[in-house]
Protein chains: 2
Amino acid sequence: MDLIGEIKKRSVRVDKGIEDYLPVSRPVELYKAARYLPDAGGKRLRPAIVILTAEAVGSEPEKVLPAAVAVELVHNFTLVHDDIMDRDDIRRGMPAVHVKWGEAGAILAGDTLYAKAFEIMTRAESDPANLLKCVDILSKTCRDICEGQWMDVEFEDRADVTEEEYLDMIEKKTGVLYAAACKIGAILGGASDETAETLYEFGRLIGIAFQIYDDVIDMITPEEILGKVRGSDLMEGKKTLIAIHALSNGLKLDIFGRGEASTEEINEAVRLLEESGSINYARDLAISYVTKGKSLLDVLEDSGSKDILLAIADYMIQRSH
Amino acid sequence: MDLIGEIKKRSVRVDKGIEDYLPVSRPVELYKAARYLPDAGGKRLRPAIVILTAEAVGSEPEKVLPAAVAVELVHNFTLVHDDIMDRDDIRRGMPAVHVKWGEAGAILAGDTLYAKAFEIMTRAESDPANLLKCVDILSKTCRDICEGQWMDVEFEDRADVTEEEYLDMIEKKTGVLYAAACKIGAILGGASDETAETLYEFGRLIGIAFQIYDDVIDMITPEEILGKVRGSDLMEGKKTLIAIHALSNGLKLDIFGRGEASTEEINEAVRLLEESGSINYARDLAISYVTKGKSLLDVLEDSGSKDILLAIADYMIQRSH
């Protein structure tokens, strides 16, 4: 299957949807700031999943397009605000919103995306009761994401983060939006509550796997593909699953949290993490989440859209960056 | 009428509603940061108006309590983020959220209030179609507020702000949330669309009057009542309606935007603004908005709640701080 091509078919609709539902109106500069990140692209995995789950339960993609756009805008809103908090100045290869429009501009651009997401969600084609359910899911998801980001920031100053806490954090920071994308697509597509709930769980699991595998990629991917120095998580002292596993097994990593290291030192640290089984531990856990997630899709009848959802699940742990 | 007492009757319900609908859960520190400003009090005018409009169209206050809480949380969310942007370190006589929890903490506390507002709104007692209308109003209102705040920040660097632009800015920054409070209370209270729309306009007008009168208060209120130096807007070079009127009439104000001035210089500037009619111009405009707004309440049958709404309209231009 041409997974990228299948996602592209949906993402062109999403691109068009963003233009239609979030036009650059006045004050022009605010809307330029709000549109900047959505227009910069990204994989559009989350909105594609909204459309694919709706298709998989027998609905037309057009009906759920506003909901797909809403989910993508929520994702972008979190990136804009997270970049301010994390002092990340580069996003999607470009200066972050707060670099271009200042911090006040970025706070407001994020808040605008947030408001627009809810406004656009109510425009999907469905009865009010279903739309209200989706608003409820979206608001709870946003609240979860805030909790996850808070935990992420808090973990920076703590040396005793447990695996359980880490998994709870990435579930909230990343898992729930994938989960919401699945459930919203299912509900608006006309699925039963039970099917929608099962699809929520599918999304949650593959979302968690996505984040765990992100840590693995940082370790195993050569710099020329990764687009940044390999092992940067280690140097920053990030409490990834790999680091938590290694530290709890008594591994001593000289470069952990040291801010910088030579290529040789990084290679040596990665070798130690291979040897201790920490990288494999994370990889295996990500695979197990995906395997569990895929099995849940038995709830769907066979279809091309279901196959694409299965392929997306695999993609979470097979991508190179 | 004991207006303060009547508002208090409703605000104690709102206080209780905030506790019930926004409990301090985990991560505890995030929810403490989110609850900090709502718990610090404030007049609770907006949620009281949600309850009063519902009462005035014949509904029970309890049914709209979640919506009243939602409106109050949106108000608090905007204060938390605005204080970061405006570098205001004191709010309600206490250190601002970003002073206590840092900027990242304040961004997330605001985002959490935002998400919770939508989540809580869906819990009001009404049919899904009405609740969806209210979600739509709330999201559009949040977007308007972002636009208003953007304009306010933008005006700081512009010398040529017109009266029209100023009125547009305060309508969005302040007017629309009062308007939304009225319309949401009316819809959930069971009013017709036409009545709800008329009440929206009532709220918009008294909200604009509230903001214009704020500028007047800054000029005419002695420091001991105001709690800050009289004429601070002038020294900060704020483009208030009074300043716009004065400058467009060729008045030269030495202290405008100078950052500091002696009491004598401030008194002299205020005297000039009295003489030029600029203060009266703003006061009269605020009064005309309130008068127009009050006349719109003819759409309501006579009731105690209607009388309180009329008294709130007068309060907008009679308060001393």
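Quick note on labels: first sequence line is chain A, next is B, and so on, each numbered from 1.
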Report summary line: Ranked by heavy-atom pairs below 4.5 Å to chain B, first place among A/I107, A/L108, A/L131 goes to A/L108
Report task. Give a yes or no on whether B/E29 atom CD has more than 12 heavy-atom contacts from other residues, nucleotides or ligands under 6.0 Å away. Result -> yes
Query - Whether over 12 other heavy atoms sit under 6.0 Å from A/K140 NZ - result: yes
Report summary line: Counting heavy-atom pairs under 4.5 angstrom with chain A, the leader among B/N130, B/T141, B/L132 is B/L132
Query - Structural part of A/I84 lying under 4.5 Å from a heavy atom of chain B - result: side chain
Requested in this report: Output the distance between atom OG1 (B/T122) and atom CG (A/L138), rounded to the nearest 0.5 Å.
Outcome: 11.5 Å
Query - Max heavy-atom pair count under 4.5 Å with chain B, selected residue of A/M121, A/K133, A/K116 - result: A/K116
Query raised in the report: Roughly how far apart are A/D82 CG and B/D111 CG, rounded to 0.5 Å?
Result: 9.0 Å
Query raised in the report: Would you say the side chain of A/F77 lies within less than 4.5 Å of the side chain of B/Y114, judging by non-hydrogen atoms?
Result: no
Query - More than 12 heavy atoms of other groups within 6.0 Å of B/K32 NZ - result: no
Query raised in the report: Charged N to carboxylate O below 4.0 Å: is that the case for B/E147 and A/R26?
Result: no
Query - Spacing of B/Y31 atom OH and A/R143 atom CZ [to the nearest 0.5 Å] - result: 5.0 Å
Report summary line: With chain A, the option among B/G102, B/A33, B/A104 that has the most non-hydrogen atom pairs under 4.5 Å is B/A104
Query raised in the report: Is it the side chain or the backbone of B/E103 that comes within 4.5 Å of chain A heavy atoms, both, or neither?
Result: side chain
Query raised in the report: What is the minimum heavy-atom distance between A/F118 and B/S139, and which atoms define it?
Result: CB-CB, 3.9 Å
Query - Distance (rounded to the nearest 0.5 Å) between B/T112 OG1 and A/D144 CG - result: 10.5 Å
Requested in this report: Considering only heavy atoms and a distance below 4.5 Å, find which of A/C142, A/P27, A/A34, A/A129 pairs most often with chain B.
Outcome: A/P27
